[in-house]
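Accompanying notes for the structure given below.
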Amino acid sequence: MTRLAASLTALALLGLSLGCAAEDPGEASPPEVTGAETPEPAAPDVAAVYATIGDPGPQGDTLVAARTDVAARVELHESVIDDDGSARMVELEDGIEVAAGEGVTLERGGLHVMLMGLETELAEGDTYELTLAFARGGEVTVDVDVVPTVGGHGEHGEHGEHGDHGDHGDHGEHGDHGEGEGRDDDAG
Amino acid sequence: MGRVRALPPRLRALAAGAVLLAVGALAVLATTLTGSADEAPSAAALAEHPGAQLLQNPLPNPEATGFHGAVLAEPIPRPDFVLTDTDGQPFDFAEETAGEPTLLYVGYTSCPDICPAHLAQIAGAMEEAGLDTGDLRVVFVTADPARDDAERLARYLAAFDEGFTGLTGTPEEVDAALAALGQPAAEVFGERPDGSYEVTHPSQVLAFGADDTARLVFPFGTSREGWVADLPRLVAGERPS
């Protein structure tokens, strides 16, 4: 029995980590992902992905993992500006909450997918595939556009000088969904 | 401080307490002014430095100040530190940039989000405002000298603007540069099995005017319009009143 329980648990965890929605054999489907982009990386080995994840439906969902052939390692991150003005990044091991009825935006200075160990040079105009795994909705593969490092005028429009700190507050709220308590202490 | 160290521990504590009580402000001022690069500055010295205002993460208030950057209550003097530029030459920041409008930012090249977004915003705004690095120096100091050698730094900054200046050095030299700005040393965190890691760094860009003080700092998230409005005024020598 114990072994069976362990096996079932392992299977369930596997299902969760693969985003297979094993617990929900119904009509669950991944939320719509639009505007996926990576600024052409200035560094040779790391890059960020931004995108808009649409309304996952009334039950909500969680982005639990991402993978791509262009990078050895992919993590879900949030950039945080601490109260003392210092900047740092936090890995979101519990994933990124995709709020019911809302979705979530991955954007500069906030939530993002981080690519590490780039195995393919990404240049402006390129497109590559990124697979996003959701706990409930399963997987979706999207095309990510590589956009100019120094973007156009509208690139940062969402960060008004007033909106900046408010934006980070919003991300904090997303963080709450991710059970990230104590996260702010990570850097010591 | 040397004399205090020579005393037995108990007396030392007493003496240190007495010194702090009697001439605390003077001692702090002396430490700040002499700024030994070999020793980490005391917390008290950092707290007295005008750069400590950055640790309050000052917010912009364009309606009140007319500037989109945050206006500091007390100007931060152009810091005095020496690092190495991407040609491998010593770069004395105070001397090399004296009298020139200068943006100063501390970050690291393995930072995929905030650093490139900030630098892209600066490069894009300068282009839009018709400014080049002859009008406005842009100096990027790495908080991660262990990985950011001259070659990596040069290649990284060239992706934004060939005219940006990149500075690196020994970890001690970088910490001394941060201390000269009134900032605590950078902290490494988030080490991964592959050896990679992240580094904390100030999120703001300091804007020094021709008068060799910074009255403005730009928090992360300053809008493109805000940068485009403020930078030409900085270059023209306007100061927040």
Side-chain angles (χ1 to χ4, degrees), chain A residues 38-50 72-73 75 77-91 106-118 124 147-168 186-188, chain B residues 53-62 68-70 107-124 127-128 152 155-161 183-184 186-190 192 194 196 198-204 217-228:
Chain A
T38 286
E40 180 178 321
D45 43 11
V46 298
V49 187
Y50 308 107
R73 188 176 166 92
E75 290 181 359
H77 277 206
E78 181 174 25
S79 294
V80 177
I81 310 285
D82 283 329
D83 289 342
D84 69 358
S86 73
R88 63 196 171 79
M89 284 197 314
V90 176
E91 183 184 0
L106 312 186
E107 61 185 349
R108 290 163 179 79
L111 298 164
H112 57 278
V113 176
M114 179 172 174
L115 311 183
M116 282 165 287
L118 287 179
E124 177 187 343
V147 299
T149 311
V150 178
H153 187 272
E155 172 199 314
H156 235 203
E158 70 272 18
H159 288 291
E161 60 268 14
H162 303 296
D164 172 41
H165 295 274
D167 279 350
H168 291 295
D186 286 358
Chain B
Q53 291 168 103
L54 296 187
L55 302 177
Q56 310 294 324
N57 200 16
L59 297 176
N61 187 352
H68 298 266
Y108 63 111
T109 68
S110 304
C111 154
D113 182 39
I114 289 207
C115 302
H118 237 337
L119 291 169
Q121 195 70 306
I122 293 167
E127 194 180 335
E128 196 174 327
R152 185 176 165 101
R155 181 183 157 168
Y156 178 80
L157 290 173
F160 302 97
D161 188 319
Q183 299 300 297
E187 282 181 44
V188 167
F189 69 99
R192 302 185 185 87
D194 65 2
S196 65
E198 306 303 332
V199 182
T200 60
H201 59 97
S203 59
Q204 307 101 335
V217 294
F218 293 90
F220 181 80
T222 301
S223 69
R224 173 66 60 86
E225 293 77 7
W227 282 107
V228 170

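Just so it is clear: chains get the letters A, B, ... in the order the sequence lines come, proteins before strands, and each one is counted from 1.
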*Between A/Met114 and chain B, which part of the residue has a heavy atom less than 4.5 Å away: side chain, backbone, both or neither?*
side chain

*Under 4.5 Å heavy-atom distance to chain B, tell me which part of A/Glu40 shows up: side chain, backbone, both or neither.*
neither

*B/Glu187 side, atom CD; A/Ser86 side, atom OG - distance, nearest 0.5 Å*: 8.0 Å

Which heavy atom of [X] sits nearest a heavy atom of [Y], and at what distance?
X        : Y        : answer
B/Tyr156 : A/Ala43  : CD1-N, 3.7 Å
B/Phe189 : A/Arg88  : CZ-CB, 3.3 Å
A/Thr149 : B/Phe160 : CG2-CE2, 3.5 Å
A/Val150 : B/Ala123 : CG2-CB, 3.9 Å

Side chain / backbone / both / neither for [X] at chain A, heavy atoms under 4.5 Å:
X        : answer
B/Asp194 : side chain
B/Glu198 : side chain
B/Val217 : neither

So [Y] and [X], do their side chains get closer than 4.5 Å, heavy atoms only?
X        : Y        : result
A/Asp83  : B/Asn57  : no
B/Pro112 : A/Met89  : yes
A/Ile81  : B/Ile114 : yes

*Below 4.0 angstrom, N of the basic side chain to O of the carboxylate: do A/Glu91 and B/Arg192 qualify?*
no

*Are the side chain of B/Asp113 and the backbone N or O of A/Gly109 linked by a donor-acceptor pair below 3.5 Å?*
yes

*asked:* Would the distance check show the side chain of B/Ser203 and the main-chain N or O of A/Gly85 forming a donor-acceptor pair, the cut-off being under 3.5 Å?
replied: yes

*Pick from A/Pro44, A/Ala72, A/Pro41, A/Pro39: which one has the most heavy-atom pairs with chain B under 4.5 Å?*
A/Pro44

*Do you know which of B/Gln204, B/Arg155, B/Arg152, B/Glu127 has the most heavy-atom pairs with chain A at a distance under 4.5 angstrom?*
B/Arg152

